[in-house]
Visitor: 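The structure that follows is given in the form of structure tokens.
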There are 2 protein chains.
Amino acid sequence: MSPADDWSGRLGYVDDGLDRRSYLRDDPAFLAAETADPAARSCLFAGEAPILRRNSPVEAFMPLVAADGLGASGERIYLGHTASGPRFAASAPATLAEGLRGRSDLMVADLRQLAFDGGVDRAALGLLGVAKSMLSWHARHRFCANCGTMTVVVCGGWKRVCPACAAEHFPRVDPVAIMLVGAGADCLLGRQARFAPGMWSCLAGFIEPGETIEAAVRREVQEEAGVAVGAVRYLGAQPWPFPSSLMIGCRAEALARDIVVDRLELEDARWFSRAEARAMLDRTHPDGLMTPPPPAIAHHLIRAFVDEA
Amino acid sequence: MSPADDWSGRLGYVDDGLDRRSYLRDDPAFLAAETADPAARSCLFAGEAPILRRNSPVEAFMPLVAADGLGASGERIYLGHTASGPRFAASAPATLAEGLRGRSDLMVADLRQLAFDGGVDRAALGLLGVAKSMLSWHARHRFCANCGTMTVVVCGGWKRVCPACAAEHFPRVDPVAIMLVGAGADCLLGRQARFAPGMWSCLAGFIEPGETIEAAVRREVQEEAGVAVGAVRYLGAQPWPFPSSLMIGCRAEALARDIVVDRLELEDARWFSRAEARAMLDRTHPDGLMTPPPPAIAHHLIRAFVDEA
């Protein structure tokens with residue numbers, strides 16, 4: 001069993017219960033049947049905000065006509081099939097959210113907050129994550145990067161094709177290395193200026209063309225904190241829909257302890273003892289310092305380090 | 001030590017010896033100094049083909065003026081700094097390759113073949129891999145996907161910016177799950193129609209938005225071979241510059257043995273015993289069946305399974 005198997009049930013944006021049926025996406029008859037299925041439901045994003053219905057429980061997915069009625073526009077994305085039927089994603093302009101805020105039957109939500117406060121069930125959160133990544137990609141990829149022509153959506157939203165040059169474009173997933181760097185009994189955490197006060201987390205960075213996961217871990221830690229890294233071990237991964245990253249979580253061992261912080265990337269970075277990190281995970285640190293909460297993979301990477309002792 | 005550490009020295013397109021200096025890419029003065037460095041060298045691709053100089057040894061990198069003299073056009077990409085100085089990548093139209101084939105001092109090479117025949121040293125092969133991924137991305141991403149305007153290259157080629165809508169675009173890395181599926185003493189290998197005769201390899205597929213690595217492994221094996229997978233374990237990764245994938249290699253355990261081949265994806269798939277797989281790795285199989293050679297991660301995933309016994 002991989003360490004990440006222990007995290008399921010707590011990590012956010014996973015366990016979506018989705019059978020993607022990717023091999024059927026190019027079949028218009030299949031998509032039409034899924035759309036016509038009485039059990040079909042769609043989520044709706046107004047810009048970045050999921051629009052939820054205040055039923056009991058709160059609903060992230062609604063009949064397709066309900067989403068259309070609320071102002072869904074643009075392409076409807078086929079996410080796949082769940083035990084409760086077909087699932088789609090729809091979007092509306094961000095400006096729609098303002099108008100919907102006044103409605104007592106609706107909730108204009110925040111996808112990060114939903115992961116932290118459990119406002120929807122785990123499967124719905126996972127589906128909203130897939131939807132958010134897909135819709136964000138479509139929103140920023142309406143034109144052919146090869147020739148500049150407006151592209152056409154095919155395969156239920158899983159491909160855009162250029163009518164001029166025939167180039168095919170697929171939704172993007174950006175792999176990110178995120179790592180808990182340890183040195184003996186201490187671990188290295190950093191703070192970005194945009195973090196909430198008192199929040200410290202794992203270092204992380206996009207994996208570049210030509211890099212292995214392990215090489216990206218070493219480069220990022222060297223660049224951001226000036227710390228050389230030896231052994232690197234994969235622990236688990238998490239899709240992160242802001243907009244569409246794949247967080248690849250690793251345990252790394254430092255070869256030295258001196259830190260030189262890259263102040264463009266980080267506000268600060270320093271070593272924390274296991275006891276201090278444990279208090280930050282449990283939100284009992286005397287100075288109010290804390291780690292990200294359990295929906296984020298950083299929490300589990302830090303927890304795994306603390307539990308090594 | 002991760003299993004992949006054993007593979008270094010044999011896996012291709014890694015160990016590029018590159019200090020990417022990514023934090024300096026946005027500094028024009030730094031890039032100008034690197035360009036003016038007498039030790040600066042550039043590779044040159046004519047379309048997909050690296051152009052090598054038949055010196056002793058064969059050179060994949062040449063002075064910048066030499067690359068320009070051979071017909072380099074378009075943006076010059078800054079790869080980073082090596083122990084031998086700054087390294088760049090340049091491209092020319094594919095049509096240039098035809099003209100250069102007649103020159104006795106040059107070799108119009110094939111990047112896959114170079115990995116297999118060792119035509120350049122490991123570090124040069126790694127650098128050519130980075131160059132290939134970057135140049136392929138630029139070739140297909142000259143226009144803003146957000147608004148269709150021609151974009152401008154900045155940061156030595158590591159970003160394109162839209163002059164109309166200010167959208168920023170970064171080189172793409174597509175994570176791919178590649179897995180050795182085992183069932184007791186047997187492993188599952190597949191054949192794509194485009195493979196060389198007798199070649200069998202690991203199943204693989206692109207990781208989609210919203211998926212973990214492990215979920216992608218399970219979906220791909222289910223879709224392509226109809227086999228349910230239980231435990232999944234990460235073994236190692238390889239950048240694959242055709243055009244810019246990150247192959248994430250896993251060991252997966254099948255929950256059942258019945259196979260239903262998706263004939264759109266695979267020509268065939270079947271179980272092989274450890275003894276048969278070993279013969280295929282060693283190219284001693286009586287029927288001439290074989291695995292991919294050591295530069296490909298599939299070779300090492302299969303080897304790791306064979307060595308489990």
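Small disclaimer: the values here were computed from a predicted structure and weren't measured. Every chain is numbered from 1, with letters handed out A, B, ... down the list of sequences.
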Visitor: Can you tell which part of B:A215 gets under 4.5 Å to a heavy atom of chain A, answering side chain, backbone, both or neither?
Guide: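 Neither part.
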Visitor: What part of B:W158 gets within 4.5 angstrom of chain A, counting heavy atoms only: side chain, backbone, both, or neither?
Guide: side chain
Visitor: So if I take each residue of residues 146-154 of chain B and look for any heavy atom under 4.5 Å from a heavy atom in chain A, which residues do I end up with?
Guide: B:N146, B:C147, B:G148
Visitor: As an exercise: rank A:E223, A:M134, A:R20 by heavy-atom pairs under 4.5 Å with chain B and give me the winner.
Guide: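 Looking at each option in turn, the highest pair count goes to A:R20.
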Visitor: Do the side chains of A:I248 and B:Y234 get nearer than 4.5 Å, heavy atoms only?
Guide: no
Visitor: Looking at side-chain heavy atoms only, is the closest gap between A:D16 and A:L79 below 4.5 Å?
Guide: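 The answer is no; the side chains never approach within 4.5 Å.
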Visitor: Under a 4.5 Å cutoff for heavy-atom pairs, which residue among A:R142, A:R172, A:K132, A:R160 has the most contacts with chain B?
Guide: A:R172
Visitor: Please report the shortest heavy-atom distance between B:S244 and A:P209, naming the atom on each side.
Guide: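 In terms of heavy atoms, the two residues are closest at OG-CB, 3.9 Å.
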Visitor: I'd like to know which of A:V173, A:T212, A:D262, A:V130 tops the heavy-atom pair count under 4.5 Å against chain B.
Guide: A:V173
Visitor: Which atom names give the shortest non-hydrogen contact between A:G236 and A:I297, and what distance separates them?
Guide: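 Looks like O-CD1, 3.3 Å.
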Visitor: Is it the case that atom CD in A:E75 sees more than 12 heavy atoms from other parts of the structure closer than 6.0 Å?
Guide: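 Result for CD/A:E75: enclosed.
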Visitor: Compare every heavy atom of B:Y13 with every heavy atom of B:F242, then report the nearest pair and how far apart it is.
Guide: CZ-OH, 3.4 Å
Visitor: Would you mind checking which part of A:F170 comes under 4.5 Å of any heavy atom in chain B, side chain (CB onward), backbone (N, CA, C, O), both or neither?
Guide: both
Visitor: As an exercise: rank A:G129, A:S133, A:G126, A:P171 by heavy-atom pairs under 4.5 Å with chain B and give me the winner.
Guide: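 Winner by heavy-atom pair count: A:P171.
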Visitor: Within the structure provided, determine whether A:R122 and A:V14 are in side-chain contact (heavy-atom separation under 4.5 Å).
Guide: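 Yes. Closest side-chain heavy atoms under 4.5 Å.
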Visitor: Could you tell me which of B:S245, B:A145, B:G210, B:A139 has the largest number of non-hydrogen atom pairs under 4.5 Å with chain A?
Guide: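 Looking at each option in turn, the highest pair count goes to B:A145.
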Visitor: Decide yes or no for B:L203 and B:L266: does some side-chain heavy atom of the first lie under 4.5 Å from some side-chain heavy atom of the second?
Guide: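 In contact.
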Visitor: So which of A:Q238, A:R21, A:R219 has the biggest tally of heavy-atom pairs under 4.5 Å with chain B?
Guide: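 Ranked by contacts with chain B, first place is A:R219.
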Visitor: Looking at CE of B:M247 and CG of B:L301, how far apart are the two atoms once the value is rounded to the nearest 0.5 Å?
Guide: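 Here the rounded value is 9.0 Å.
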Visitor: Measuring heavy-atom distances to chain B, does A:L264 have an atom under 4.5 Å in its side chain, in its backbone, in both, or in neither?
Guide: neither
Visitor: Is it true that A:Y23 and A:F30 have ring centroids separated by less than 6.0 Å?
Guide: no
Visitor: Pick from A:E208, A:E224, A:H141, A:E265: which one has the most heavy-atom pairs with chain B under 4.5 Å?
Guide: A:E208
Visitor: Would you name the heavy atoms of B:F61 and B:A124 that are closest together and state the gap between them?
Guide: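 Looks like CE1-O, 4.3 Å.
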